[in-house]
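Contents: one structure, followed by commentary.
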Amino acid sequence: MEQNSGKICSMCGKKFDMWDEQEDFCFVRHIGYGSKYDMMGLYLNLCCDCFDKIAD
């Protein structure tokens, strides 16, 4: 049975499959001062493959 949450990888655009959802490489970070993105939020949803690319 395949579960699909509707999440999409922020890096490659792939729809999350059961494994991506299970690993839950989703990050939320509030950005403080010191960049052009002051006071904004950063929301990243990464599939397993893209998380591995970043970690490598």
Side-chain angles (χ1 to χ4, degrees):
M1 179 183 295
E2 185 174 325
Q3 177 183 349
N4 190 332
S5 67
K7 289 181 186 172
I8 297 175
C9 179
S10 301
M11 193 164 151
C12 72
K14 172 189 164 193
K15 289 184 181 180
F16 271 33
D17 61 21
M18 178 187 71
W19 300 108
D20 301 320
E21 187 63 39
Q22 182 177 349
E23 292 303 322
D24 194 29
F25 295 125
C26 300
F27 305 94
V28 176
R29 179 75 176 153
H30 174 76
I31 302 169
Y33 295 103
S35 81
K36 66 180 183 180
Y37 300 102
D38 291 354
M39 304 308 295
M40 295 179 78
L42 177 65
Y43 305 92
L44 293 175
N45 296 319
L46 298 173
C47 69
C48 294
D49 292 334
C50 287
F51 178 81
D52 287 347
K53 288 176 187 174
I54 289 173
D56 286 344

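Residues M11 and I54 approach most closely at SD-CD1, 3.9 Å, considering heavy atoms. Nearest heavy-atom pair, Y43 versus V28, reported as atom, atom and distance to 0.1 Å: CE2-CG1, 3.5 Å.
Residues in residues 44-54 take part in no salt bridge (charged side-chain N to carboxylate O under 4.0 Å, His left out) pair, two or more places apart or across chains.
L44 and I31 end up in the same hydrophobic cluster when Ile, Leu, Val, Met, Phe, Trp and Tyr side chains are linked at under 4.5 Å.
No more than 12 heavy atoms of other residues, nucleotides or ligands sit less than 6.0 Å from atom OH of Y37.
Not counting sequence neighbours, the partners of D38 by the side-chain contact (heavy atoms from CB on, under 4.5 Å) test are Y33, S35. By the salt bridge (Lys or Arg N to Asp or Glu O under 4.0 Å) test, D24 pairs with K7, sequence neighbours left out.
We find the CD-SG distance between Q22 and C48 to be 8.5 Å, quoted to the nearest 0.5 Å. For the atom pair CG of N45 and NZ of K15, the computed distance is 14.5 Å after rounding to the nearest 0.5 Å.
Counting heavy atoms from C-beta outward, M40 and H30 have side chains that stay 4.5 Å or more apart. Here the side chains of C47 and F25 are not in contact, with every heavy-atom distance at 4.5 Å or above.
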